[in-house]
Protein chains: 2
Amino acid sequence: MGTKGEGNRQRIIDAADNLFYRRGYNQTSFQDISDATGIPRGNFYYYFKTKDEILDAVVSSRVEELSNMLSQCEAETNDARQRLLMFSNMLEDKRDDVIQSGCPIGSLSTELAKDEAELQAISRQAFTLLRDWVKQQFETLGLANADDLAMDLLARMQGATVMACAFKDADFIARSQRDIKEWINSKTMN
Amino acid sequence: MGTKGEGNRQRIIDAADNLFYRRGYNQTSFQDISDATGIPRGNFYYYFKTKDEILDAVVSSRVEELSNMLSQCEAETNDARQRLLMFSNMLEDKRDDVIQSGCPIGSLSTELAKDEAELQAISRQAFTLLRDWVKQQFETLGLANADDLAMDLLARMQGATVMACAFKDADFIARSQRDIKEWINSKTMN
DNA sequence: GTCTATATGTAGATAGAC
DNA sequence: GTCTATCTACATATAGAC
């Protein structure tokens with residue numbers, strides 16, 4: 001812990017995280033990561049046996065980061081409805097990135113769905129974390145079909161992302177987020 | 001027209017179309033297309049100067065195929081609401097493919113959004129065709145915000161696709177399609 | 001732990017015989 | 001129009017000196 005090696009390992013993960021998002025997993029080479037970090041290509045194999053293991057570490061890092069974000073969200077309010085509304089803010093918060101590169105989780109999952117089933121299963125961990133958290137918020141509000149609602153919310157955000165990215169349309173992000181908030185309210189207010 | 005050459009050209013396009021969908025554009029090599037068609041790699045350059053040109057031909061082919069599908073849809077009913085409901089059937093009709101590989105149009109667009117802006121613009125043609133057609137159906141029904149509704153419909157279908165593909169969930173496709181039809185009815189019936 | 005050199009495979013693209 | 005041989009670049013991965 002705290003050694004030089006662990007620092008390098010984390011730098012590789014952080015650079016790969018960003019590159020996998022901006023260029024895609026398959027389009028990111030070790031050379032790209034080397035250029036971004038200054039760490040020579042051959043050195044990577046001291047920390048990771050294969051590129052797959054870098055993906056695994058990147059997904060774990062994203063899961064941890066998302067966990068922290070969700071914990072912060074929980075710390076800010078005890079009202080599950082407010083938490084869901086805050087969660088949906090992610091769309092506009094990340095608007096520019098979303099328009100340029102899509103959703104980091106959704107685009108990775110779809111990329112790896114194509115003839116790389118084992119890798120897609122790794123990427124699914126991030127989706128599962130969000131799905132379970134959203135489900136729990138709906139459950140707290142006493143809704144029976146909480147998992148269905150969680151899938152619906154994530155699907156709406158993914159759909160808005162894919163279309164906004166395809167047409168480079170920031171306004172559509174804004175409008176979709178308003179609609180999603182209305183939908184959350186319609187499901188959680190009585 | 002009708003020469004051996006044109007036949008080969010079309011066979012290359014058809015094989016590339018399928019491979020771009022199943023494996024992704026960047027993950028499809030000339031060797032893959034050669035294996036699928038039996039046409040030698042080097043021969044491709046007689047028909048296409050670059051891989052980009054194959055993509056362009058594939059997208060044109062998809063646009064034409066979709067145009068035919070929409071024309072058939074128009075031929076079957078004059079009721080724009082029925083047309084939209086038929087259009088939404090695509091999700092379940094292509095259920096197995098969608099779960100395995102996502103949406104051919106959406107996944108291609110998102111893949112090419114990543115550092116390949118010119119290629120993404122090519123892929124956008126297919127989205128634009130669908131968007132305009134759906135918009136026209138809503139307009140026929142006298143709805144003022146027809147383009148917004150078109151984007152919303154496509155976004156819902158894309159969102160259902162991304163999530164169903166991520167979780168390999170056929171039931172979610174079915175449920176989403178029901179919800180989408182309810183939404184279409186709610187917007188178009190008075 | 002760090003880095004260079006290199007092995008091995010395959011990518012897109014080209015040249016030129018037939 | 002068709003096909004083989006080949007070019008150049010770059011991919012992941014390894015070996016081994018320091």
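Quantities reported herein were computed from a predicted structural model and do not represent experimental measurements. Letters A, B, ... mirror the listed sequences (proteins, then strands); counts begin at 1.
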Stacked cation flag Arg62(A) on Phe20(A), 6.0 angstrom / 45 deg: no
Please report, rounded to the nearest Å, how far the [atom2] atom of [N] is from the [atom1] atom of [X].
X	N	atom1	atom2	value
Ile39(A)	dT2(C)	CD1	P	8 Å
Ile33(B)	dC3(D)	CD1	P	16 Å
Gln27(A)	dA11(D)	CD	P	10 Å
Phe44(A)	dA15(D)	CZ	C1'	18 Å
Gln31(B)	dA5(D)	CD	P	14 Å
Phe30(A)	dT10(C)	CZ	P	17 Å
Arg41(A)	dT6(C)	CZ	P	13 Å
Asp35(B)	dT10(C)	CG	C1'	13 Å

Would one find a side-chain N or O of [X] under 4.0 angstrom from OP1 or OP2 of [N]?
X	N	value
Tyr47(A)	dG1(C)	no
Ser29(A)	dC10(D)	no
Tyr46(B)	dT2(D)	no
Asn43(A)	dG1(C)	no
Tyr45(B)	dA13(C)	yes
Asn8(A)	dT2(C)	yes

Centroid separation Phe30(A) to Phe48(A) less than 6.0 Å: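 Ring centres of Phe48(A) and Phe30(A) not closer than 6.0 Å.
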Aromatic ring pairing Phe87(A)/Trp133(A), orientation class (parallel under 30°, perpendicular over 60°, tilted between): tilted
Touch class at under 4.0 angstrom, heavy-atom based, for Thr28(B) against every strand present: sugar-phosphate
Check ion pair Arg156(B)-Asp179(B) (N to O, under 4.0 angstrom):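 No, Arg156(B) and Asp179(B) are not salt-bridged.
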Electrostatic pair Arg22(B):Asp115(A) at N-O distance under 4.0 angstrom: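 Asp115(A) and Arg22(B): not salt-bridged.
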5'-most by nearest nucleotide on DNA chain D - Asn26(A) or Gly38(B):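 First, find each residue's nearest nucleotide; the 5'-ward one identifies Gly38(B).
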